[in-house]
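Read the structure below first, then the notes.
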Amino acid sequence: MGVTKEIVESTLTSKLNPTHLEVLDTSGGCGASFAIEIVSDQFEGKKLLERHRIVNAALAEEMKQIHALSIKKAMTPAQWKPEPSSNDSQPSA
């Protein structure tokens with residue numbers, strides 16, 4: 001059996017203790033391709049390439065079975081700003 005979304009989430013949660021984590025299985029369920037967004041204190045002071053290396057190192061065992069990993073966002077909690085809802089951007093009358 002291939003890697004599951006839950007396995008990727010569990011591994012990243014235990015190794016990087018993220019404050020936000022979103023994992024999408026983009027392979028159609030076979031576990032060969034994932035897209036992730038992750039926010040972790042462990043990225044503090046690290047450049048983007050270093051952050052990606054941290055994520056890849058955390059998933060070293062899983063990467064043996066994953067063909068594609070797209071890290072959409074790798075941010076610190078201070079950088080993480082969820083998109084404001086459309087109501088927040090409306091000017092008041």
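Below, each value reflects all heavy atoms present in this structure, side chains not excepted, and no hydrogens, waters or symmetry copies.
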Taking the side chain from Thr13 and the backbone from Glu9, do they hold a donor-acceptor pair closer than 3.5 Å? yes
Atom pair [atom1]/[atom2] of [X] and [Y] - distance to nearest 0.5 Å:
X     : Y     : atom1 : atom2 : value
Ser27 : His67 : OG    : NE2   : 9.0 Å
Met75 : Leu48 : CE    : CG    : 9.5 Å
Ile71 : Ile36 : CD1   : CD1   : 5.0 Å
Glu61 : Leu59 : CD    : CG    : 10.5 Å
Ile38 : Phe43 : CD1   : CZ    : 4.5 Å
Lys15 : Ser40 : NZ    : OG    : 13.5 Å

**Item:** Worked verdict on Thr76 versus Val39 for side-chain contact (heavy atoms from CB on, under 4.5 Å)
**Value:** CA-CA 5 Å; Thr76 65; Val39 178; 5.8 Å; no
Please find the pair of heavy atoms, one from [X] and one from [Y], that lie closest to each other, and give the distance.
X     : Y     : result
Pro77 : Asp41 : CG-OD1, 3.1 Å
His52 : Ala74 : CD2-CB, 4.3 Å
Gly2  : Gln65 : CA-OE1, 3.6 Å
Val3  : Glu62 : CG2-O, 3.8 Å
Trp80 : Lys73 : CZ3-CD, 4.0 Å
Gln42 : Ile54 : O-CD1, 4.0 Å

| request: State, yes or no, whether a side-chain contact exists between Leu21 and Val23 at a heavy-atom distance under 4.5 Å. | output: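 Yes; the side chains approach each other to less than 4.5 Å.
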Begin with the C-alpha distance, continue with both residues' side-chain angles, and end with the deciding distance and a verdict on side-chain contact (heavy atoms from CB on, under 4.5 Å) for Phe34 and Lys5. CA-CA 8 Å; Phe34 294 93; Lys5 172 184 180 244; 4.2 Å; yes
With side-chain contact (heavy atoms from CB on, under 4.5 Å) as the test, would you mind laying out the steps for Ile7 and Thr11 before giving the verdict?
CA-CA 6 Å; Ile7 290 171; Thr11 300; 4.2 Å; yes
*Show the numbers, then the answer: is there a side-chain contact (heavy atoms from CB on, under 4.5 Å) between Asn56 and Met63?*
CA-CA 7 Å; Asn56 281 305; Met63 289 303 292; 3.8 Å; yes
